Q: 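Below are the structure tokens for one structure; questions will follow.
Keep in mind it's a predicted model, so treat the numbers as computed, not measured. All heavy atoms count here, side chains included; hydrogens, waters and symmetry mates do not. Reminder, nothing fancy here: chain letters follow the sequence lines and each chain counts from 1.
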2 protein chains.
Amino acid sequence: MSKLELPALDQTACCSPMVREPLGETAAVDLARMFKALSDPVRLRLLSLIASHEGGEACVCDLTGPFDVSQPTISHHLRVLRDAGLVGSERRGTWVYYWVLPAALTRLSDLLQAPAVPVGAATGGDR
Amino acid sequence: MSKLELPALDQTACCSPMVREPLGETAAVDLARMFKALSDPVRLRLLSLIASHEGGEACVCDLTGPFDVSQPTISHHLRVLRDAGLVGSERRGTWVYYWVLPAALTRLSDLLQAPAVPVGAATGGDR
DNA sequence: TGTCAACATAGACACATGTCGAAATTGGAA
DNA sequence: TTCCAATTTCGACATGTGTCTATGTTGACA
């Protein structure tokens, strides 16, 4: 009997029990893609700048000035943010407007607050 | 007079006002580094798996099995998470334990909830 | 229709990153 | 001290990423 208990004790000493379901592989790929979009300082600042405007929306003409990179680079970064589902965009005549998609950001922050809370497959959708 | 008012109207039509201070360059570099650590699916799942254990802490021996990559690769990923300040680690005899640093995760989620809220320079510190 | 401004895309390039197997390091037991 | 298990680090390599200049696309206006 004592022999049977020792292995169990060994495992208890090494392993703490799981208290919740960890993130699955499919969700991780999706979420990692969004985090990757945020993993560049310029892109992070772009998102912040857009969100700092009234209504969480800004014109591109307001986004190309404050950075030390060229206009095509800003455009490329905005594309990455959009493709990752973090912002939406629309051309209105001369100007193109970008806006944050709060649902996507909420999805990320929910994960970080309780990282192992099961995340549903719901998408934010466009504005 | 009507000529003088048109340019001002044009600018109003294009630009929405700023309602808060956007993220600065220095903070963005720091935060982007943490997001980069989360931008790989395996690393995201590792963090989630650690956090899913009781006390937000897990033994490495629990972390090397559930993934389709080699043990050195898991070790490398854990290193990236640790260097980014998202987890802490400690060797206790035979086993090495990793735990999440909630303050770092909170810092990220706060940014995503109100992306343009000024983020202080406070660090999470180690456990 | 031609011209211009605003913005996006393409291609090239230097540098970064994920993964592997091999090797090194650390701690425990004999 | 030697041997072993657990874990980290190293070096190589294929692939990915940020940035640029050049070019293409879109919309407004004369």
Q: Quick one: which residue pairs count as a ring pair (Phe, Tyr, Trp, His ring centres under 6.0 Å) with a foot in residues 36-68 of chain B, not counting sequence neighbours?
A: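 Passing the test, one end in residues 36-68 of chain B: no pairs.
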
Q: Taking atom CG of B:Asp110 and atom CD of A:Gln113, what is their separation to the nearest 0.5 Å?
A: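 Those atoms lie 7.5 Å apart.
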
Q: Quick one, give me the B/S/- string for nucleotides 3-18 of chain C, reading 5' to 3', where B means a protein heavy atom under 4.0 Å from the base and S means that only happens at the primed atoms, P, OP1 or OP2.
A: ---SBBB-------SS

Q: Looking at C:dT19, I'd like to know if its phosphate oxygens (OP1 or OP2) sit under 4.0 Å from a side-chain N or O belonging to B:Ser70.
A: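 False: B:Ser70 side-chain N/O out of range (4.0 Å or more) of C:dT19 OP1/OP2.
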
Q: Is a donor on one side and an acceptor on the other found under 3.5 Å between the side chain of B:Ser75 and the backbone of B:Gln71?
A: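 Flag not set: sc B:Ser75 to bb B:Gln71 has no pair under 3.5 Å.
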
Q: Spell out, as yes or no, whether a donor-acceptor pair under 3.5 Å connects the side chain of B:Arg43 to the backbone of B:Ala37.
A: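 At least one qualifying donor-acceptor pair exists.
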
Q: Holding to side-chain hydrogen bond (donor to acceptor under 3.5 Å, both in side chains), I want the full list of residues that pass it with B:Thr73, two or more places apart in sequence or in another chain.
A: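 Result, side-chain hydrogen bond (donor to acceptor under 3.5 Å, both in side chains) vs B:Thr73: B:Ser70.
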
Q: Does A:Ser48 use its side chain to pair, donor to acceptor, with the backbone of B:Leu23 at less than 3.5 Å?
A: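 Looks like yes, one N/O pair under 3.5 Å.
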
Q: With sequence neighbours left out, which residue pairs that include part of residues 70-88 of chain B fulfil the salt bridge (charged side-chain N to carboxylate O under 4.0 Å, His left out) condition?
A: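 Listed once each, the pairs are B:Arg79-B:Asp83.
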
Q: Mind checking which nucleotides bracket the chain B contacts on DNA chain D, 5' to 3', with an atom under 4.0 Å from a heavy atom?
A: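 The contacted stretch runs from D:dA6 to D:dT9.
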
Q: With ring pair (Phe, Tyr, Trp, His ring centres under 6.0 Å) as the rule and sequence neighbours excluded, what pairs involving residues 28-50 of chain A come up?
A: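 Qualifying pairs, neighbours excluded: A:Phe35-B:Phe35.
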
